[in-house]
Amino acid sequence: MNKIPLKEQSIVLIGFMGVGKTTIGQAVAQKLYRDFIDIDEVIERRFQMPPKDIFAKYGEAVFRQHEKEIISEMCHKKLKVISLGGGAFLQKEIQDICLATTTIFFLDLTWDKWKDRIGLLIDSRPVLQGKNMDEIKQLFDDRQPIYEQHHSRVLTDDQEVEEVADYIVDSLKLAWELYA
Ligand code: S3P
């Protein structure tokens, strides 16, 4: 398999649910004149139902299988901006394929800031269902190591969407200049 040149690699955004991967991804795509792909949305279209219903009807394993299939296909496409679901990097195969074919940004948000968003997420995110605050904090902490597989980290605390998107675009341009 030929390596995709750095400038043409798709940009992948990872991070815990609700950190802003979709909104920031859309902004980055617009700034770079690229197509934006939201993996959850692709899965949702395939099943004609949101992740929460897929989890309930078919189980998490089925969701994860489709997530892996779709990401493996999308990563080989050039010049996209792709946002992954927060649990995608639980699968080592997804980590490996993204690391080999794309440029990965980890959108980092501290627990203190994240917990203020919980009200917006609790109903729609299947992995939060039935968990109390301590269990959610545990999940947050347990997930952090999987996001360490990235090419660049962006701390998003107190940052506007545009600021984060600009930071990502600027650092990409610098990397393209330095390493192309
Ligand atoms: C999940 C996160 C969700 C979605 C699914 C599972 C997870 O995506 O893929 O509900 O396991 O963290 P977001 O990160 O966009 O919320």
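Just so you know, these numbers use all the heavy atoms, side chains as well, and skip hydrogens, waters and symmetry mates. Remember, it's 1-based here, ligands and their atoms both numbered in the order they're listed.
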Asks: Name the orientation class of the two ring planes belonging to W114 and F16 (parallel below 30°, tilted from 30 to 60°, perpendicular beyond 60°).
Replies: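 If you compare the ring of W114 with that of F16, the planes turn out perpendicular.
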
Asks: Check whether any side-chain heavy atom of Q149 lies under 4.5 Å from a side-chain heavy atom of D96, and answer yes or no.
Replies: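 No - every pair of side-chain heavy atoms lies 4.5 Å or more apart.
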
Asks: Could you tell me whether the side chain of E135 and the main chain of N132 form a donor-acceptor pair under 3.5 Å?
Replies: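 Present.
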
Asks: Taking R64 for its side chain and Q91 for its backbone only, find out whether a donor-acceptor pair lies under 3.5 Å.
Replies: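 Judged by distance alone, no pair lies under 3.5 Å.
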
Asks: Using a 4.0 Å cutoff against the non-hydrogen atoms of R143, which atoms of ligand 1 qualify?
Replies: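 Taking each heavy atom of R143 in turn, ligand 1 has 7 (C), 11 (O), 12 (O) under 4.0 Å.
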
Asks: With heavy-atom distances below 4.0 Å as the criterion, list the atoms of ligand 1 near P126.
Replies: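 Listed by number with element: 10 (O).
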
Asks: With D141, which of R143, K137, Q138 fulfils side-chain hydrogen bond (donor to acceptor under 3.5 Å, both in side chains)?
Replies: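 So, applying the side-chain hydrogen bond (donor to acceptor under 3.5 Å, both in side chains) to D141 and each of R143, K137, Q138, only K137 qualifies.
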
Asks: I'd like to know if the side chain of Q95 and the backbone of F89 have a donor-acceptor N/O pair within less than 3.5 Å.
Replies: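 Here the side-chain-to-backbone pair exists.
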
Asks: Considering only protein heavy atoms, which is closest to atom 5 (C) of ligand 1, and at what distance to one decimal place?
Replies: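 The answer is F63 CZ, 3.9 Å.
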
Asks: Numbering the atoms of ligand 1 from 1, which are under 4.0 Å from a heavy atom of G87?
Replies: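 Close to G87: 1 (C), 7 (C), 11 (O), 12 (O).
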
Asks: How close does the nearest protein non-hydrogen atom get to atom 2 (C) of ligand 1, and which residue and atom is it?
Replies: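 Protein heavy atom with the smallest distance to atom 2 (C) of ligand 1: G86 N, 3.5 Å.
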
Asks: For ligand 1, does R64 get within less than 4.0 Å through its side chain, its backbone, both, or neither, judged by non-hydrogen atoms?
Replies: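 Looking at R64 and ligand 1, just side chain atoms fall under 4.0 Å.
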
Asks: How far is atom 4 (C) of ligand 1 from the closest protein heavy atom, and which atom is that?
Replies: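 Checking every protein heavy atom, the shortest distance to atom 4 (C) of ligand 1 gives D40 OD2, 3.2 Å.
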
Asks: Could you tell me which atoms of ligand 1, counted from 1 in the order shown, lie closer than 4.0 angstrom to a heavy atom of M17?
Replies: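 Once the distances to M17 are compared, the set is 12 (O), 13 (P), 14 (O), 16 (O).
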
Asks: Any side-chain to backbone donor/acceptor pair from Q30 onto D35? Under 3.5 Å, distance only.
Replies: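 Looks like no, no N/O pair under 3.5 Å.
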
Asks: Can you tell me which portion of R125 lies within the under-4.0 Å heavy-atom range of ligand 1? Options are side chain, backbone, both, or neither.
Replies: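 Looking at R125 and ligand 1, just side chain atoms fall under 4.0 Å.
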
